**Student:** 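Got a structure for you, questions after.
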Amino acid sequence: MAALVQTALRHVPAVVESDFAQDVIAGLSARPKRLSPKYFYDENGAQLFEEITRLPEYYPTRCELSILERHAAEIVKFIPADTALIEFGSGSTRKARMLLDAAPRIGAYVPVDISSEMLLQEAAELKRDYPQLTVLPVEADFTKPFRLPRAVSARPRVGFFPGSTIGNFEPHMAAAFLAHAAQRLGAGATLIIGFDLTKDVKVLNAAYNDAAGVTARFNLNLLTRINRELGGNFDLDKFCHQAFYNTERRRIEMHLASRERQRVKAVGRSFDFRGGETIHTENSYKYTPESFNAMARGAGWTPVAAWTDAQGYFMVQALVRQG
Ligand code: AVI
């Protein structure tokens, strides 16, 4: 019997056992259907996101960069000498470089990211450009427990979480992340974090419905990825991008809506869609300074300073660990 089970398992393709496959099966079987935004970022998705950050309608990246540029000297006052700067989900090091330029006394840079290729490449380039800096990349999912390099324990620790990535977490997950970061960084630590603010609904809706259709391509790319990696047969012409601000929940919701009644195959299974039925692919939460502060305090942080852009669209905050 055991031999039979083993033989059967050997024939299950590895792909079906991947987290992606399991999440697609669970998400497309759920009511309403949903998929995690973390699966947007294959190579093509990461490139499309880079394109989004340069769109005229997509203000968050531009606003955050303007805050870091304008207020770098004040921000780095919260970074003591010889600090280990720990960036959660680093991707590109562009924003960290702005802090490193303003605070050459930062002793170590610890980028934590799941994608090892980009992580190691960016780390090597940073090391070349800042030869005096100790660069200690950590390959890990920063939303789960991970170990900091031992060399970090003797240094003051400052976390860095730009990009309003926290907005893509459900509020309970955002609070859990902040609590986990407080624990990971330890007593006396600081966290410098960027998040998007509530604003005119027209501005919000335009940012996620750009005229050039890049956000639509970014959203639909998830179906291309399922087709390629999980043997899917999604017809992209039969789905459309939807994004709108949900005022009550203070979030942009992104969906992929089925244009007609249809049956689609993926991961060796069939999934039925009604006409107009959607797959909920992303939430992007918008905070008020007060709502963010309340969440940060609940997670063990004390807000000590905040900076915003000229339009008041985006906020960068410095938080200090309580106790
Ligand atoms: C990565 N994240 C902060 C972006 C956002 O605005 O929520 C992802 C994105 N989705 C559509 N456009 C950009």
Side-chain angles (χ1 to χ4, degrees), residues 34-68 87-96 112-115 118 141-143 160-171 173-174 177-178 192-225 239-246 249-257 278-287 291-292 295 309 311 313-317:
R34 56 179 154 72
L35 289 171
S36 166
K38 72 180 175 189
Y39 295 116
F40 281 142
Y41 301 92
D42 64 353
E43 208 183 321
N44 193 30
Q47 257 167 29
L48 286 166
F49 180 65
E50 276 306 306
E51 242 182 273
I52 286 175
T53 64
R54 292 191 293 269
L55 290 168
E57 298 95 333
Y58 191 76
Y59 60 84
T61 311
R62 241 184 333 274
C63 289
E64 188 176 44
L65 288 171
S66 80
I67 295 169
L68 293 175
E87 182 166 0
F88 298 101
S90 55
S92 129
T93 52
R94 182 173 178 195
K95 293 167 191 165
V112 184
D113 211 311
I114 203 159
S115 139
M118 182 151 180
D141 176 349
F142 66 86
T143 62
F160 186 40
F161 194 32
S164 67
T165 306
I166 194 155
N168 296 130
F169 298 170
E170 290 306 303
M173 293 302 287
F177 167 78
L178 290 174
I192 295 166
I193 186 163
F195 58 93
D196 199 10
L197 296 171
T198 54
K199 59 185 66 61
D200 184 343
V201 176
K202 279 199 235 77
V203 176
L204 286 166
N205 282 330
Y208 294 82
N209 289 287
D210 61 285
V214 184
T215 310
R217 296 215 308 276
F218 173 71
N219 200 4
L220 284 159
N221 178 57
L222 195 46
L223 303 184
T224 309
R225 183 173 182 190
F239 285 85
C240 63
H241 164 74
Q242 280 182 357
F244 56 87
Y245 187 60
N246 180 332
R249 306 184 90 158
R250 288 191 189 144
R251 68 187 192 195
I252 285 280
E253 291 187 15
M254 289 216 313
H255 296 256
L256 288 164
T278 75
I279 310 172
H280 190 165
T281 51
E282 186 179 63
N283 287 322
S284 189
Y285 283 86
K286 311 301 168 188
Y287 289 91
S291 66
F292 193 86
M295 178 169 72
D309 53 287
Q311 288 160 299
Y313 279 0
F314 197 91
M315 185 157 271
V316 173
Q317 270 209 349

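All ligand and atom numbering here is 1-based and tracks the order in the structure. No hydrogens, no waters, no symmetry mates; every other heavy atom, side chains included, goes into these values. The model shown is predicted, which means the values in this text are computed figures rather than measured ones.
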**Student:** Quick check: closest heavy atoms across Tyr285 and Phe169, and the distance to 0.1 Å?
**Tutor:**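 In this case the closest contact between Tyr285 and Phe169 is CD1-O, 3.4 Å.
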
**Student:** May I ask you to identify the nearest protein heavy atom to atom 10 (N) of ligand 1, giving residue, atom name and distance to one decimal place in Å?
**Tutor:**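 Scanning the protein heavy atoms, the shortest distance from atom 10 (N) of ligand 1 goes to Glu282 OE1, 2.7 Å.
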
**Student:** In ligand 1, which numbered atoms sit nearer than 4.0 Å to a non-hydrogen atom of Tyr41?
**Tutor:**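 Taking each heavy atom of Tyr41 in turn, ligand 1 has 1 (C), 8 (C) under 4.0 Å.
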
**Student:** Parallel, tilted or perpendicular: which fits the ring planes of Phe40 and Phe218, with parallel below 30° and perpendicular above 60°?
**Tutor:**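 It falls in the tilted class, 30° to 60°.
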
**Student:** With a 6.0 Å cut-off on the ring centroids, do Tyr59 and Phe314 count as close?
**Tutor:**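 Aromatic pair excluded; centres sit 6.0 Å or further apart.
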
**Student:** Determine whether the aromatic ring centres of His241 and Tyr208 lie less than 6.0 Å apart.
**Tutor:**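 Judged by ring-centre distance (under 6.0 Å), His241 and Tyr208 do not meet the cut-off.
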
**Student:** Is Gly163 in contact with ligand 1, taking contact as a heavy-atom separation below 4.0 Å?
**Tutor:**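 Flag set, Gly163 near ligand 1.
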
**Student:** Return yes or no for this condition: an N or O of Ser164 is under 3.5 Å from an N or O of ligand 1.
**Tutor:**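 Looking only at distances, the answer is no, because the N/O contact criterion of under 3.5 Å is not met.
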
**Student:** In the protein, which heavy atom is nearest to atom 5 (C) of ligand 1, and how far is it?
**Tutor:**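 I find the closest protein heavy atom is Tyr58 OH, 3.3 Å.
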
**Student:** Would you call Phe195 a ligand 1 contact, heavy-atom distance under 4.0 Å?
**Tutor:**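 No, that is not the case, since the closest heavy atom of the residue is not under 4.0 Å from the ligand.
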
**Student:** Does Tyr208, backbone or side chain, put an N or O under 3.5 Å from an N or O of ligand 1?
**Tutor:**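 Yes - when backbone and side-chain N and O of Tyr208 are compared with those of ligand 1, one distance drops under 3.5 Å.
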
**Student:** With heavy atoms under 4.0 Å as the rule, classify the contact between Phe218 and ligand 1 as side chain, backbone, both or neither.
**Tutor:**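 Side chain only.
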
**Student:** Using the side-chain hydrogen bond (donor to acceptor under 3.5 Å, both in side chains) rule, pick out the option among Glu170, Arg249, Glu253 that qualifies with Asn283.
**Tutor:**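 The passing option is Glu170.
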
**Student:** Decide side-chain contact (heavy atoms from CB on, under 4.5 Å) for Asp113 and Met118; before the verdict, give the C-alpha distance in whole Å, the side-chain angles of both, and the deciding distance to 0.1 Å.
**Tutor:** CA-CA 9 Å; Asp113 211 311; Met118 182 151 180; over 6 Å; no

**Student:** Please list, in number order, the atoms of ligand 1 under 4.0 Å from a heavy atom of Phe49.
**Tutor:**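 Once the distances to Phe49 are compared, the set is 1 (C), 4 (C), 8 (C), 13 (C).
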
**Student:** Look at Glu51 together with Arg217 and state whether they make a salt bridge at an N to O cut-off of under 4.0 Å.
**Tutor:**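 Counted as a salt bridge, because a side-chain N and a carboxylate O are separated by less than 4.0 Å.
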
**Student:** Are any of the N/O atoms on Ser284, whether in the backbone or the side chain, positioned under 3.5 angstrom from an N/O atom of ligand 1?
**Tutor:**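 Yes - when backbone and side-chain N and O of Ser284 are compared with those of ligand 1, one distance drops under 3.5 Å.
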
**Student:** Can you find an N/O atom of Asn168 closer than 3.5 Å to an N/O atom of ligand 1?
**Tutor:**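 Min N/O separation from ligand 1 is below 3.5 Å for Asn168.
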
**Student:** Anything under 30° is parallel, anything over 60° is perpendicular, the rest tilted; go ahead and classify Tyr41 against Phe49.
**Tutor:**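 The arrangement is perpendicular - the two ring planes meet at more than 60°.
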
